[in-house]
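Just below is one structure, and these are the notes that go with it.
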Amino acid sequence: MNLSEFTSASVFGDSRPTEYQVVLGNGLLTHLPDLLREYAPAHRYAVISDHTVSGLYGDKVIESIRGSGLEAELFSFPSGESYKTRAQWADITDNLLRKGFGRDSCVIALGGGVVGDLAGFVAATYMRGIPVVQVPTSLVAMVDASIGGKTGLDVEMGKNMVGAFHPPKIVLSDLDVLKTLPREERVQGLVEAVKHAAIMDCMYLDELENSIVAILDGNIDSIERVVARSIEIKAEVVSDDERESGRREILNFGHTLGHAIEGTSTYVVPHGTSVAIGMFFETLLGEKLGITESGSVDRIRRIVEALGINIQLPTGSEPNEIINYLRRDKKARRGKLKFVFLSRMGLVYHADYSWSHPVEEKLVLDMLTSIEK
């Protein structure tokens, strides 16, 4: 098939050989066998998905691949962030070994962000690494999680503390699958799009704010514009800094506190909701420090509330517990917590050759207490 039929963006690694395409379009699952032959040829395909997504698309994908003369098997695990664990990784890996999958195999990650992270880590570690194709089925995964090559697992000490960089052969985002996405899941995906706009494109932020109702109502044209622009932003940042040694840190805006909220709530609070609270808090903290332009936090608050998200800390995420979690954050250095701040909407604060900046624990604790329920 001709890739030009669909919208695509290229993602380059720090050393160009890791270039891959991120493709957005309608009906990509129908063309999956042709795309696999062109971009990820393999002897066998292991389709890894969760129970929810495999129930919707697993059989269809397996039948499509097998119907074209290729070999494929489905491996499914329970849905939810709480299953993105070493135990699930081991279970899937052992099943692959029992089924005789070799180094000439390829993993297909069919699902949302949890599936992409877990399946990607399976691919990164199986027989020292086999190819992976990302097929995101949630708005969160399409606009953010499937792009960039990060894979990982959650452990008792924190989210994504075990993982690897393992770029996919191709990312295939089929807009048709979003038609079955619940409204709440569209909310979660929109948060990541807001993050992209806040750090890179204030005009995109205006468009998002004006389109919230249409997107939440499932207007596919509005959703397509959001996914396409977010893909462009994420691809641009990742291409500059594949392994997060510099500018890629700006993608952590809202995520430092967001991951702490997820972890301290034992993943009861969804990722997007947690990041939304994180963006509000980090903007509030930036204004307090005189780094972020005054009035920015009011803009973030207005958008987050329009998404129907409560800005207060959720039950279970107490300030002291959050501080303990933040101490273990991958970005923490020499006992100081580090955050990404906006200078203004559409621009991240950059100083002292760094995109993330240390803040005293006491100030963070005081600010958390001020927004506590």
Side-chain angles (χ1 to χ4, degrees), residues 1-12 19-42 45 47-49 53-54 56-65 67-68 70 72 106-113 115-116 119-120 131-149 167-182 185-186 188-190 192-193 196 201 204 207-208 211 214-215 217-236 238-239:
M1 67 170 292
N2 183 359
L3 192 62
S4 63
E5 294 174 26
F6 305 100
T7 300
S8 67
S10 295
V11 179
F12 298 92
E19 177 186 3
Y20 57 93
Q21 295 287 324
V22 181
V23 184
L24 171 67
N26 296 98
L28 290 179
L29 288 184
T30 303
H31 295 284
L32 185 57
D34 293 332
L35 289 162
L36 292 175
R37 282 192 173 91
E38 185 171 358
Y39 292 94
Y45 295 91
V47 179
I48 300 177
S49 189
V53 176
S54 64
L56 291 169
Y57 303 109
D59 289 343
K60 175 183 176 181
V61 166
I62 292 296
E63 289 172 7
S64 174
I65 296 173
S68 70
L70 301 174
C106 176
V107 166
I108 299 174
L110 177 69
V115 171
V132 62
V133 171
Q134 291 283 350
V135 185
T137 60
S138 71
L139 191 55
V140 171
M142 285 190 189
V143 302
D144 191 75
S146 65
I147 307 163
K169 286 294 184 179
I170 192 168
V171 179
L172 303 171
S173 297
D174 189 341
L175 288 166
D176 286 346
V177 304
L178 296 181
K179 294 174 183 176
T180 61
L181 202 65
E185 287 301 314
R186 289 196 285 272
Q188 302 304 307
L190 262 178
E192 289 288 0
H196 291 147
D201 187 345
Y204 178 36
E207 180 183 351
L208 280 172
S211 303
I215 293 167
D217 285 345
N219 183 287
I220 200 65
D221 291 335
S222 298
I223 292 173
E224 181 175 4
R225 288 195 298 273
V226 167
V227 176
R229 181 58 186 137
S230 280
I231 285 174
E232 290 173 349
I233 289 173
K234 182 77 180 278
E236 178 185 337
V238 172
S239 294

Not counting sequence neighbours, which residues clear side chain to side chain donor-acceptor pair (under 3.5 Å) with [X]? List them please.
X	result
Asp221	none
Asp201	Arg229
Glu207	Arg225

Just by modelled atom types, is the [Y] backbone N or O under 3.5 Å from a matching donor or acceptor in the [X] side chain?
X	Y	answer
Ser54	Ser49	no
Asp174	Gly27	yes
Asp144	Glu192	no
Ser146	Ala141	yes
Ser64	Lys60	no

Does any non-hydrogen side-chain atom of [Y] lie less than 4.5 Å from one of [X]?
X	Y	result
Thr137	Leu56	no
Leu70	Arg37	yes
Met142	Leu178	yes
Val53	Val115	no
Ile65	Ile108	yes

For the [atom1] atom of [X] and the [atom2] atom of [Y], what is their distance to the nearest 0.5 Å?
X	Y	atom1	atom2	answer
Leu190	Ser211	CG	OG	9.0 Å
Lys179	Ile220	NZ	CD1	6.5 Å
Asp34	Ser68	CG	OG	7.5 Å
Leu181	Ile223	CG	CD1	7.5 Å

Distance-minimising heavy-atom pair for [X] and [Y]:
X	Y	answer
Tyr204	Val226	OH-O, 3.0 Å
Leu29	Tyr57	CD1-CD2, 4.1 Å
Lys169	Val133	CB-CG2, 4.4 Å
Ala42	Cys106	CB-CB, 3.6 Å
Gly120	Gln134	CA-NE2, 4.4 Å
Val227	Leu175	CG2-CD2, 4.5 Å

